[in-house]
Peer 1: 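One structure coming up, written as structure tokens, with questions to follow.
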Amino acid sequence: MLDIQLLRSNIDEVAARLAARGYTLEVGAFNSLEAERKSLQTRMQELQSQRNSTSKQIGIAKKNGEDVSAIMAQVASLGDELKAAEDAFTTVQSRLDNWLLTIPNLPHESVPAGADESGNVEARRWGTPRAFDFEVKDHVDVGSPLGLDFETGAKLSGARFTVLRGQIAQLHRALAQFMLNTHTDKHGYSETYTPYIVNSDVLYGTGQLPKFAEDMFRVERGGEAAAQAQYLISTSEITMTNMVRESVLKHDELPLKFTAHSPCFRSEAGAYGRDTRGLIRQHQFDKVEMVQIAHPDHSFAALEEMVGHAEVILQALELPYRVVTLCTGDMGFGSHKTYDLEVWLPAQNTYREISSCSNMGDFQARRMMARFKDADGKNRYVHTLNGSGLAVGRTLVAVLENYQNADGSVTIPAVLRPYMGGRDKIGG
RNA sequence: GGAAGCGUGGCCGAGUGGUUUAAGGCAGCGGUCUUGAAAACCGCCGAAGGUGUGAGCCUUCCGUGAGUUCGAAUCUCACCGCUUCCGCCA
């Protein structure tokens, strides 16, 4: 959520910065709504003040044993008038609030301008794609004989669900274990296990709601409906970030660093026909996520650090990748600045997203009321960051493709072998 | 599923219809003292918002939401959460 003070004081600049990401801010609508709010609020508060002082007079008069009927008559009509004023104000205020929740974050000034993903800027590359002396298969053809079972997944749950069996399932688990161990042992993140079902309030906090409800899975309890709508998490960013909602942290406990391995559930409503083959785009996939709750002065350093933590995983797995700075037009709704990591997929002969690391600035913190007490005693919003470290399913895809052998076997990356009973390959 | 109790500022905690303008304590901040620190003592100190150049003034907030009342932390109803006991259960 943007700072409404900024909209009041500098709306043209805000509109210009949002235009860079392809969002048209309704300046006129805001100005008139805001003017209405201001007069209604002033009116309401005047009436409240009048009621308070009159009521106090009544209290004092009664205590002194005086006759209060004159004052009572004076205040008789106030109630209805006040109720009407409060209702009018509440209506306008909630329209304003609801509208504010739909406005995306401002891109940071260091974010390159661009309309869509073609405007993204490559920051660096690591590794050299392997030269194959046989015809490269994609992960579906490599994995299917080894335990990648799309038919059974579809039978159980429909398209975009998959069953993993045997050594593929173990490799998938090994990847998650390796990532989690690396982030906790080497990068200082605190391991976290969080709920997979969350209340809707939580999704307002991180920005999935109100705009992106169609991307989520909503769940129902048996029998009666839950008091508050509940959803399956689409990433553990949601739960880890919201752990600090409605709290005031001490400045010296920042940064907080959390990591979790969790399933992620996405309806992929807008992705019909895209990536229908294989594991790339699933309704359910696992991800190891990193979240940092940072001091505003240090959030950009934390972003660079976090990208590095994701890169460590790819380097340890010896998977070639590149780092891309997303342009203004390609960033997510709540992001202030985002780097994507793209891993080399030989069968597609291209780099594909495997991690996204973002500094959200105070955008989520303002929605969550997540604050810290600064050294001078003032409450300020924290900055929140999140990054995949990494998407486990897509990492499995990358390993299957990059480590495939001519005989149909797949070499196990050296760092994963301790998790695989010491074996150096599967299949073949 | 049944029964009872509880929910107050960063934390603890008093407060059962009218100067509550939420006591007191802890933590925090500033100061005195000290070579320095601790202790002691003194002072400041909840949050969100509105309005004003500003000192300030005003409003709201005691789990959430409705209601009763001129007036609600306090009374009523519903919901949420926590605790304890009983039952059931991986």
Side-chain angles (χ1 to χ4, degrees), chain A residues 1-9 30-31 33-101 193 195-205 220-231 239 242-254 256 293 295 362 365-382:
Chain A
M1 194 159 66
L2 298 184
D3 183 0
I4 193 160
Q5 307 285 359
L6 196 60
L7 290 173
R8 288 180 188 144
S9 62
F30 171 76
N31 285 335
L33 203 55
E34 171 61 13
E36 202 179 343
R37 185 231 99 222
K38 188 166 171 172
S39 76
L40 286 171
Q41 184 164 0
T42 307
R43 175 75 184 138
M44 176 188 72
Q45 293 187 352
E46 274 171 10
L47 290 170
Q48 285 172 331
S49 180
Q50 201 177 324
R51 175 204 61 196
N52 290 346
S53 62
T54 312
S55 293
K56 189 168 283 184
Q57 282 176 41
I58 292 171
I60 294 169
K62 275 198 169 178
K63 186 161 276 184
N64 296 339
E66 295 165 15
D67 177 32
V68 295
S69 57
I71 319 179
M72 295 282 270
Q74 181 191 331
V75 85
S77 63
L78 201 63
D80 291 342
E81 204 179 342
L82 179 56
K83 178 114 177 62
E86 285 174 341
D87 289 348
F89 169 73
T90 304
T91 303
V92 169
Q93 182 67 54
S94 70
R95 274 171 63 195
L96 209 46
D97 290 343
N98 291 339
W99 177 70
L100 214 53
L101 286 170
Y193 171 82
Y196 301 151
I197 296 174
V198 292
N199 294 331
S200 52
D201 285 351
V202 163
L203 296 174
Y204 281 90
E220 291 178 0
R221 298 195 195 192
E224 297 161 41
Q228 186 179 153
Q230 294 190 304
Y231 296 81
T239 41
N242 274 282
M243 288 199 289
V244 298
R245 69 181 286 117
E246 291 157 39
S247 65
V248 182
L249 303 165
K250 293 180 177 143
H251 64 87
D252 57 8
E253 48 182 332
L254 300 176
L256 296 173
I293 312 298
H295 189 288
D362 61 10
R366 187 172 283 108
R367 289 169 164 246
M368 295 189 300
M369 286 294 284
R371 295 153 295 166
F372 71 101
K373 202 166 279 290
D374 206 352
D376 61 7
K378 297 188 77 168
N379 287 349
R380 297 176 61 191
Y381 291 115
V382 297

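Chain A is the first sequence line, chain B the second, and so forth, proteins listed ahead of strands; every chain is numbered from 1.
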Peer 1: Measuring from A/Ile4:CD1 to A/Asp97:CG, what's the distance to the nearest 0.5 Å?
Peer 2: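 Answer rounded to 0.5 Å: 7.0 Å.
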Peer 1: Within the 4.0 Å heavy-atom criterion, would you say A/Arg43 contacts the bases, only the backbone, or no part of the nucleic acid?
Peer 2: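 Nothing: the residue A/Arg43, judged by heavy atoms under 4.0 Å, touches no strand.
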Peer 1: Rounded to whole angstroms, how far apart are CD1 on A/Ile60 and P on B/G18?
Peer 2: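 Those two atoms, CD1 and P, are 13 Å apart.
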Peer 1: When you get a sec, tell me which of B/U21, B/G18, B/G50 is the closest nucleotide to the side chain of A/Ser55?
Peer 2: B/G18
Peer 1: Which sits closer to the 5' end of RNA chain B, A/Met44 or A/Ile4, going by the nucleotide each is nearest to?
Peer 2: A/Ile4
Peer 1: May I have all residue pairs that pass ring pair (Phe, Tyr, Trp, His ring centres under 6.0 Å) and include part of residues 68-94 of chain A, sequence neighbours excluded?
Peer 2: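 Found none.
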Peer 1: Tell me: CG of A/Leu100 to P of B/G49, nearest whole Å?
Peer 2: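 Rounded to whole Å, this separation is 12 Å.
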Peer 1: Give one of base, sugar-phosphate or nothing for A/Arg366, where a contact means two heavy atoms less than 4.0 Å apart.
Peer 2: nothing
Peer 1: Expressed in whole Å, how much space separates the C1' atoms belonging to B/G15 and B/A23?
Peer 2: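 The answer is 8 Å between these two C1' atoms.
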Peer 1: I want to check something: taking the side chain as every heavy atom from C-beta on, are A/Glu34 and A/Leu7 in contact at a cut-off of under 4.5 Å?
Peer 2: no
Peer 1: What nucleotide, of B/U59, B/U21, B/A47, holds the atom closest to the side chain of A/Gln48?
Peer 2: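 Out of B/U59, B/U21, B/A47, the nucleotide with an atom closest to A/Gln48's side chain is B/U59.
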Peer 1: Are the side chains of A/His251 and A/Arg380 in touch, meaning some heavy atoms are under 4.5 Å apart?
Peer 2: no
Peer 1: Does A/Arg245 reach the side chain of A/Arg367, with side-chain heavy atoms less than 4.5 Å apart?
Peer 2: no
Peer 1: In Watson-Crick or G-U wobble terms, both distances under 3.5 Å, what is the partner of B/G54?
Peer 2: none
Peer 1: Taking the same atom, P, in B/C85 and in B/G49, what whole-Å distance lies between them?
Peer 2: 43 Å
Peer 1: B/C11 and B/C44: how far apart are their P atoms, nearest whole angstrom?
Peer 2: 23 Å
Peer 1: Taking the same atom, P, in B/C12 and in B/G17, what whole-Å distance lies between them?
Peer 2: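 One P to the other, the span is 26 Å.
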Peer 1: Any strand is fair game: report the nucleotide pairing with B/U64 by Watson-Crick or G-U wobble, both distances under 3.5 Å, or none.
Peer 2: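 Its partner is B/A78 (Watson-Crick or G-U wobble, both distances under 3.5 Å).
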Peer 1: Of all the choices, B/A47, B/G49, B/G18, which nucleotide is nearest to the side chain of A/Arg8 once you look at every atom?
Peer 2: B/G49
Peer 1: How far does the P atom of B/G24 sit from the matching atom of B/C42, given to the nearest Å?
Peer 2: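 That atom pair is separated by 14 Å.
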Peer 1: Say you pick atom C1' in B/G5 and the same atom in B/A55; how far apart are they, in whole Å?
Peer 2: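 Roughly 49 Å separates the two C1' atoms.
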Peer 1: Looking at A/Phe30 and A/Trp99, what are the two nearest heavy atoms and their distance?
Peer 2: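 Heavy atoms only, the tightest pair is CD1-CZ3, 3.2 Å.
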Peer 1: Return the nucleotide paired to B/U32: Watson-Crick means purine N1 to pyrimidine N3 with N6-O4 or O6-N4, wobble means G-U with N1-O2 and O6-N3, both under 3.5 Å.
Peer 2: B/A40
Peer 1: Send over the distance from A/Arg245 CZ to B/G10 P, rounded to a whole Å.
Peer 2: 16 Å
Peer 1: Of the candidate nucleotides B/G50, B/A47, B/G71, which contains the atom at the shortest distance from the side chain of A/Asn379?
Peer 2: B/A47
Peer 1: Is it true that a side-chain atom of A/Arg51 and a backbone atom of A/Gly79 form a donor plus acceptor pair closer than 3.5 Å?
Peer 2: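 Flag not set: sc A/Arg51 to bb A/Gly79 has no pair under 3.5 Å.
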Peer 1: On the nucleotide B/G71, are OP1 or OP2 found under 4.0 Å from the side-chain N or O atoms that A/Gln50 carries?
Peer 2: no
Peer 1: How far apart are the C-alpha atoms of A/Val382 and A/Leu256, what are their side-chain angles, what is the distance that settles it, and do they pass the side-chain contact (heavy atoms from CB on, under 4.5 Å) test?
Peer 2: CA-CA 10 Å; A/Val382 297; A/Leu256 296 173; over 6 Å; no
Peer 1: Report the distance from atom CE of A/Met368 to atom CE of A/Met243, rounding to the nearest 0.5 Å.
Peer 2: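 CE of A/Met243 is found 10.5 Å from CE of A/Met368.
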Peer 1: Could you tell me the Watson-Crick or G-U partner of B/A48, where both distances fall under 3.5 Å? Say none if there is no partner.
Peer 2: B/U59
Peer 1: Rounded to whole angstrom units, what separation is found between the NZ atom of A/Lys378 and the C1' atom of B/A48?
Peer 2: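 Checked: the NZ to C1' distance equals 14 Å.
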Peer 1: Please give, in whole Å, the distance from B/C45 P to A/Lys250 NZ?
Peer 2: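 Atom-to-atom, A/Lys250 to B/C45, this comes out as 21 Å.
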Peer 1: For the C1' atoms, the ones on B/U51 and on B/G65, what distance do you get once it is rounded to whole angstrom?
Peer 2: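 Taking atom C1' in both B/U51 and B/G65, they lie 29 Å apart.
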Peer 1: For the side chain of A/Ser94 and the backbone of A/Thr90, is there at least one donor-acceptor N/O pair under 3.5 Å apart?
Peer 2: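 Checked: pair present.
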Peer 1: Give A/Met369 one of three labels, base, sugar-phosphate or nothing, depending on what nucleic acid heavy atoms sit under 4.0 Å from its own.
Peer 2: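 Counting heavy atoms under 4.0 Å across all strands, the contact made by A/Met369 is with sugar-phosphate only.
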Peer 1: Can you tell me if A/Arg371 touches the phosphate of B/A48, counting only side-chain N or O atoms and a distance under 4.0 Å to OP1 or OP2?
Peer 2: yes
Peer 1: Using the C1' atom as the reference point in each nucleotide, state the distance between B/U83 and B/U68 in Å, no decimals.
Peer 2: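 These two C1' atoms come out 31 Å apart once rounded.
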Peer 1: Between B/A47, B/G71, B/U21, which nucleotide gets closest to the side-chain atoms of A/Arg51?
Peer 2: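 Between B/A47, B/G71, B/U21, the one nearest the side chain of A/Arg51 would be B/G71.
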Peer 1: Can you tell me the distance, in whole Å, between the CD atom of A/Gln230 and the C1' atom of B/C80?
Peer 2: 12 Å
Peer 1: With both distances kept under 3.5 Å, what pairs with B/U19, Watson-Crick or G-U wobble?
Peer 2: none
Peer 1: How long is the line joining CG of A/Asp201 and P of B/C79, in whole Å?
Peer 2: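 Those two atoms, CG and P, are 19 Å apart.
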Peer 1: Counting neighbours of CZ on A/Arg95 that are heavy atoms of other residues, nucleotides or ligands and sit closer than 6.0 Å, is the number greater than 12?
Peer 2: no
Peer 1: Starting at atom CZ of A/Phe89, determine the distance to atom C1' of B/U60, rounded to an integer number of angstrom.
Peer 2: 9 Å
Peer 1: Looking at B/G24, which nucleotide sits across from it as a Watson-Crick or G-U wobble partner, both distances under 3.5 angstrom, or is there none?
Peer 2: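 Check on B/G24: paired to B/C12, both distances under 3.5 Å.
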Peer 1: May I ask you to say what A/Glu246 touches in the nucleic acid, namely base, sugar-phosphate or nothing, with a heavy-atom cut-off under 4.0 Å?
Peer 2: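 No contact.
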Peer 1: All N/O contacts under 3.5 Å from nucleotides 62-69 of chain B to the protein, with atom names and distances to one decimal?
Peer 2:
none

Peer 1: Kindly give the atom pairs (protein nitrogen or oxygen, nucleotide nitrogen or oxygen) under 3.5 Å for nucleotides 52-58 of chain B.
Peer 2:
residue, atom, partner, partner atom, Å
B/C58, O3', A/Ser49, OG, 3.4

Peer 1: Hey, does the side chain of A/Asn199 reach the backbone of A/Asp201 with a donor-acceptor pair shorter than 3.5 angstrom?
Peer 2: no
